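What follows is a short report on a single structure.
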Amino acid sequence: RAKAEGKDTYRYFEASMGAETRDRRAMEHDLRQAVARGEFRLVYQPQKEISSGKMIGFEALIRWHHPERGNIPPSVFIPVAEDSGGIAQIGEWVLATACEEAARWKNPLTIAVNVSAVQLHNPNFSRKVHEILLRTGLAPGRLELEVTETALIKDMPRALATLRQVKALGVRVAMDDFGTGYSSLSNLRAFPFDKIKIDGSFIKSVDRNGQVAAIVRAVLGLGRGLGLPVLAEGVETLDELRFLDAEDCEIGQGYYLGRPGPIETFSELTGVAAPPASDRVGSRGGSI
Ligand code: C2E
Ligand code: MG
Ligand code: MG
Ligand code: MG
């Protein structure tokens with residue numbers, strides 16, 4: 001079922017060239033109204049300490065349920081929102097919603113939020129983050145912003161200034177999708193990251209592929225040398241997890257450790273109970 005929905009989604013872009021542009025316009029238009037119409041929600045994916053299995057926190061991941069087109073994945077609509085300027089409003093909604101949510105958990109778990117290039121290059125970004133922390137009462141140390149290398153390159157001095165400002169608030173910053181962007185090594189030195197997230201493409205079959213294993217070992221060595229904990233994304237099997245544990249990778253995230261789901265899925269950890277069924281919007285059960 002999820003697969004079928006994914007296919008429908010891409011029809012936004014398929015068909016003839018003319019239709020492609022029109023569909024993109026239509027998506028830009030729909031995205032501008034989606035926050036106000038309550039079409040977005042967040043799902044949460046566990047991040048765990050590998051050696052102990054202990055829960056550290058969650059990454060918030062946005063989901064869009066389009067009233068006619070169904071579920072559209074972020075890999076499709078986030079780039080469109082970035083190009084059309086809609087990402088500012090969406091990004092603020094994500095940040096505010098995730099912080100509000102985390103502030104009511106019974107355990108002080110961390111909440112990781114993805115931040116796009118456009119947000120990072122907005123000189124008001126850190127003020128917005130500060131405002132949201134004050135309003136929600138979330139301890140700044142529980143918030144971690146995930147930034148990809150690609151988000152840094154448009155205007156590096158500007159991006160650096162923003163990261164320094166949010167760090168001054170006590171917020172932490174993780175380099176997302178490490179290994180897939182540009183000039184990774186100099187970025188690690190130039191920017192004040194607190195964590196490295198190895199991209200999932202390097203974790204797939206890491207236990208069985210010598211080349212991939214060599215890359216992952218090198219990144220772990222880099223993390224150790226720089227004093228930065230490393231999180232492995234996309235852990236899908238026990239064998240991958242065993243490899244990472246044997247190599248002393250600190251943190252893991254992936255389907256094997258926990259799929260993204262609505263926050264009620266994790267009520268034992270958060271103390272957040274499911275609302276009565278009638279209050280739930282778009283609840284489909286299971287994971288997403
Ligand atoms: P990301 O930040 O690297 O997030 C990890 C992606 O990997 C998520 O896809 C997650 O569902 C998926 N994933 C987790 N575990 C596994 C696994 O074991 N195997 C595989 N194959 N995949 C796994 P998702 O939710 O579709 O998000 C895709 C990307 O969209 C994210 O990559 C992030 O770059 C972007 N994104 C998601 N939510 C937001 C948001 O709120 N704001 C912004 N700016 N970008 C977002
Ligand atoms: Mg991320
Ligand atoms: Mg990632
Ligand atoms: Mg990614």
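Numbering of ligands and ligand atoms starts at 1, following listing order. Note that the structure is a prediction, hence the values are computed from the model and not measured.
Under 4.0 Å from ligand 1, not a single heavy atom of R259 appears. Counting heavy atoms closer than 4.0 Å to ligand 1, residue V235 contributes backbone atoms (N, CA, C, O) but none from C-beta onward. Neither the backbone nor the side chain of I90 comes within 4.0 Å of ligand 1, counting heavy atoms alone. Looking at I62 against ligand 1, both its backbone and its side chain come within 4.0 Å, counting heavy atoms.
Checking T97, N114, L95 against atom 33 (C) of ligand 1, the nearest heavy atom belongs to N114. Taking each of W64, W93, Y255 in turn, the one with a heavy atom nearest to atom 13 (N) of ligand 1 proves to be Y255. The option from P74, A117, A60 that lies nearest to atom 37 (C) of ligand 1, judged by heavy atoms, is P74. Distances from atom 15 (N) of ligand 1 to the heavy atoms of E236, Q253, Q45 put Q45 nearest.
Contact annotation: E59 places an N, O or S atom under 2.8 Å from the Mg ion (ligand 2). For residue D199, no N/O/S atom approaches the Mg ion (ligand 3) to within less than 2.8 Å. Between the Mg ion (ligand 2) and E146 there is an N/O/S contact shorter than 2.8 Å. The Mg ion (ligand 2) has an N, O or S atom of N114 under 2.8 Å away, backbone or side chain.
The distance from ligand 1 to the heavy atoms of G254 drops below 4.0 Å at these ligand atoms: 15 (N), 18 (O). Within ligand 1, counting atoms from 1 as listed, the ones closer than 4.0 Å to a heavy atom of G234 are 16 (C), 17 (C), 18 (O). Heavy-atom contacts of S116 reach the following atoms of ligand 1: 44 (N) (cutoff under 4.0 Å).
Ring geometry for W93 against F40 counts as tilted: the plane angle lies between 30° and 60°, on a 0 to 90° scale.
Contact check on R224 versus D248 returns no salt bridge, with no Lys/Arg side-chain nitrogen under 4.0 Å from an Asp/Glu carboxylate oxygen.
Where the criterion is an N or O separation shorter than 3.5 Å, residue side chain and backbone included, P260 fails it with respect to ligand 1. At a 3.5 angstrom cut-off on N or O pairs, Q119 does not count as close to ligand 1.
If you look at F178 and F193, their ring centroids are not closer than 6.0 Å. F58 has its ring centre less than 6.0 Å from the ring centre of F266.
The nearest N/O/S atom of D177 to the Mg ion (ligand 3) is OD1. Summary: OD2 is the N/O/S atom of D176 found nearest to the Mg ion (ligand 2). Looking only at its N/O/S atoms, E233 has OE2 as the one nearest to the Mg ion (ligand 3).
Nearest heavy atoms, A60 versus Y44: CB-CE2, 4.0 Å. Across all non-hydrogen atoms, the minimal contact from N124 to N122 is N-OD1, 2.8 Å. Pairing each heavy atom of I263 with each of W105, the nearest pair is CD1-CZ2, 3.6 Å.
Between the side chains of H65 and N71, at least one donor N or O sits under 3.5 Å from an acceptor N or O. A donor and an acceptor atom, one from each side chain of Q47 and Q253, are located under 3.5 Å apart.
Applying the salt bridge (charged side-chain N to carboxylate O under 4.0 Å, His left out) test to every pair with at least one member in residues 43-60, sequence neighbours left out, gives these pairs: E59-K197.
Note on ligand 1: G91 sits outside its first shell, no heavy atom being nearer than 4.0 Å. Ligand 1 is never approached by G200 to a heavy-atom distance shorter than 4.0 Å. Contact annotation: R63 has at least one heavy atom less than 4.0 Å from an atom of ligand 1.
The environment of CD in Q211 is sparse: at most 12 heavy-atom neighbours from other residues, nucleotides or ligands sit within 6.0 Å.
Side-chain N or O atoms of E240 include one that pairs as donor or acceptor with a backbone N or O of E236 at under 3.5 Å. A distance-only check finds a donor-acceptor pair linking the side chain of K106 to the backbone of E268 [under 3.5 Å].
Remark: T136 engages no residue in a side-chain hydrogen bond (donor to acceptor under 3.5 Å, both in side chains) (not counting sequence neighbours).
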